[in-house]
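Encoded as structure tokens, the structure appears first; notes follow it.
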Amino acid sequence: MFAPAANVSAAACSNSFDYTLFGAREHIENLHPHNRRGTGGLRDGMVTFAQHVPGREKPWQEWTVPAGSGAITEAERLLQQDNRTDIYVSQAAFQQRRSISQLTVIGACYTDLDYHNCPRWKGRKPADVAGAVVGHLEDAMVPAPSYILSTGRGLVCVWLTELLPRVVLPRWNAVQKRLGDVLEPFGADRRALDAARVFRLCGSENSRAEWDRRTVGMVWCQGSPETPVRQVFGTLADEVLPFTHAELISLRAERAKRKAEGNDKTAPAVRHTAVSYWESVLTDLQRIRAHRCPEGALPEGQRDAWLFVAGVAISWISPPEVLGREIVALADEAAGWRDSETKSRMSAVIKRARQAAAGQTVTFGKHEVDCRYRMKVSTIIEWLGIDPAEQRSAGLRVLVDQDRKRQLNTERTKESRHRRGAKDRIQQKAERLSMGGMALYLQAKKGLKRDELAEHFGVSTGQMSKAMAEARRGMTE
């Protein structure tokens, strides 16, 4: 029934769905897998569910449950109720509420294809369109998705990856944008590329779809339907982000060689850019708010400055199409502002982000630069009144002064040396003193020269001289 695992260019699946193979449980298990990094499988974060129920005072109902078995139980409960229409689930997990600023982990890339808006594909069977999508991706030299769902009037293509922290969001956003560009002929929705997106739950029903297509289900997969292929994000990003044809052929050949040798362990690349800087700033802003206000909301007098800086940070890491929603959610959480008040206070930040997305620039010095706001670390520290003691107690990593920055660099260097198996300075000195003492003993007893002692201990003559000198000083102190 399903497309073969190895042949991503094979025909799409049948139009009849078998929900015992990929139902609500499999959907949640694949989107929100267990964490295998030393936590006993436990996951941080909450999964968001939502349902649109016409006739209620607030038709859009949204709630969260803990990631893991709680999310699976909730998904299955929703499909057992009488009303199974228009049920959605988040593609990522969050601290409490669904917003990019509270993102804890994401394990997939995705695109929402509204092919019913495309004259060429309108009215075609979902499986036929899915097959065309896979062929189009192959022609564009973009990896095939892990699975494709029919959502009633469109398709959702999902590339499962390992669990990723928010720090990789800049590169993740770049991959999302590229996937949307490649699949534009199939009606890729550019408003549905952000990390706080919800899509329809497998097994639920689309109230706006034709009767024979109203149930959400898998129409194509790579791997088995229960466990579709999960890709390494670094590898996926390398293949999705633009290269010349020759570069991509070379890249794939090199990666195939590494994979054949069992060495394909590509990790998310760390790139220090304006976007990654602002992601780090936003993380520190959340830390300082949690440190000052464990209850959540900022007190009067601290809200305006904190939210302006946070809004600037989000404008660099959030797609402009959802920036307003993200800032409104953060302002409600951190200050309790009404939507209208937030939009009024933050209108300049939102306006500049939209101008930047449209390609507008401003002159800075002698250069044309992105028109979004920029702020130095020292300015943010001054605005928010973050003193050195608070920098340490809140665990800040970017919003720190020069003294704290030097300390953090020293700590990182020590941690790096430790990971590489290097010995700390105290241990090195103790071993050097021991070697120097033994060398002095051999020199006195056997008359060995420095070169002979260095050869005996397997060190350079310089190291030997230093060890013997320290040992002599130790004897006289």
Side-chain angles (χ1 to χ4, degrees), residues 44 94-96 99-105 164-173 195 268 270-318 323 326-327 329-335 337 342 345-346 348-350 352-353 356 364 369-370 372-416:
D44 289 334
F94 309 88
Q95 292 174 9
Q96 289 295 331
S99 67
I100 292 173
S101 65
Q102 292 211 13
L103 181 73
T104 58
V105 66
L164 304 168
R166 195 181 67 192
V167 70
V168 305
L169 199 56
R171 199 171 190 217
W172 184 90
N173 280 333
V270 177
R271 298 185 180 182
H272 299 289
T273 64
V275 181
S276 60
Y277 162 75
W278 281 109
E279 194 286 324
S280 300
V281 168
L282 182 59
T283 298
D284 270 7
L285 290 172
Q286 296 284 35
R287 286 172 177 161
I288 197 68
R289 182 167 71 90
H291 178 72
R292 291 178 175 179
C293 313
E295 68 282 1
L298 289 162
E300 290 283 356
Q302 295 186 27
R303 297 174 180 176
D304 288 29
W306 188 93
L307 277 166
F308 180 82
V309 179
V312 172
I314 291 177
S315 75
W316 283 90
I317 67 174
S318 173
L323 176 60
E326 290 295 322
I327 291 180
L330 186 59
D332 177 53
E333 169 196 338
W337 287 354
T342 300
R345 290 173 180 259
M346 306 297 288
V349 173
I350 297 172
R352 287 210 176 195
F364 183 77
V369 298
D370 191 299
R372 284 172 287 190
Y373 286 110
R374 288 172 166 80
M375 298 181 72
K376 295 180 180 178
V377 165
S378 57
T379 304
I380 299 174
I381 291 175
E382 181 182 352
W383 274 32
L384 302 184
I386 308 172
D387 59 42
E390 197 171 34
Q391 293 168 19
R392 292 168 175 78
S393 56
L396 305 187
R397 310 295 291 181
V398 176
L399 301 181
V400 295
D401 57 25
Q402 289 300 316
D403 289 340
R404 180 58 178 160
K405 186 176 181 179
R406 281 191 288 269
Q407 290 179 355
L408 290 171
N409 287 337
T410 300
E411 291 172 5
R412 281 192 288 266
T413 300
K414 287 182 178 179
E415 291 173 0
S416 176

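Small disclaimer: the values here were computed from a predicted structure and weren't measured. Counting from 1, the numbers follow the sequence of the chain as shown.
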At what distance, to the nearest 0.5 angstrom, does [atom1] of [X] lie from [atom2] of [Y]?
X    : Y    : atom1 : atom2 : result
M346 : D304 : CE    : CG    : 9.5 Å
D387 : R392 : CG    : CZ    : 9.5 Å
I288 : I386 : CD1   : CD1   : 4.5 Å
L298 : W337 : CG    : CH2   : 9.5 Å
L408 : D403 : CG    : CG    : 11.0 Å

Could you report the tightest heavy-atom contact between [X] and [Y], atom names first, then the distance?
X    : Y    : result
R166 : I100 : CD-O, 3.5 Å
Y373 : A348 : OH-CB, 3.5 Å
P294 : H291 : CD-O, 4.2 Å
P170 : V167 : CD-O, 3.4 Å
L103 : A195 : CD2-CB, 4.1 Å
L399 : D284 : N-OD2, 2.9 Å

Student check: side-chain heavy atoms of [X] and [Y] closer than 4.5 Å:
X    : Y    : answer
W306 : L330 : yes
L285 : V309 : yes
D332 : T342 : no
I314 : V349 : no
V281 : M375 : no
S280 : R397 : no
L307 : I327 : no

**Asked** Under 30°, 30 to 60°, or over 60°: which ring-plane class applies to W316 and W278, parallel, tilted or perpendicular?
**Response** parallel
**Request:** For side-chain contact (heavy atoms from CB on, under 4.5 Å), just list the numbers for S101 and L282, CA-CA rounded to whole Å, side-chain angles, deciding distance to a tenth of an Å, and then say yes or no.
**Result:** CA-CA 7 Å; S101 65; L282 182 59; 4.3 Å; yes
**Item:** Pair V377-V400, side-chain contact (heavy atoms from CB on, under 4.5 Å): steps then yes or no
**Value:** CA-CA 7 Å; V377 165; V400 295; 5.9 Å; no
**Prompt:** Could D401 and R404 be called an ion pair, given the rule that one side-chain N must be under 4.0 Å from one carboxylate O?
**Reply:** no
**Prompt:** Knowing that exactly one of R287, R289, R292 qualifies, which makes a salt bridge (charged side-chain N to carboxylate O under 4.0 Å, His left out) with E390?
**Reply:**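 That would be R292.
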Checking [Y] against [X]: is there a side-chain donor and acceptor pair closer than 3.5 Å?
X    : Y    : value
E382 : S378 : no
R352 : S315 : no
E333 : Q102 : yes

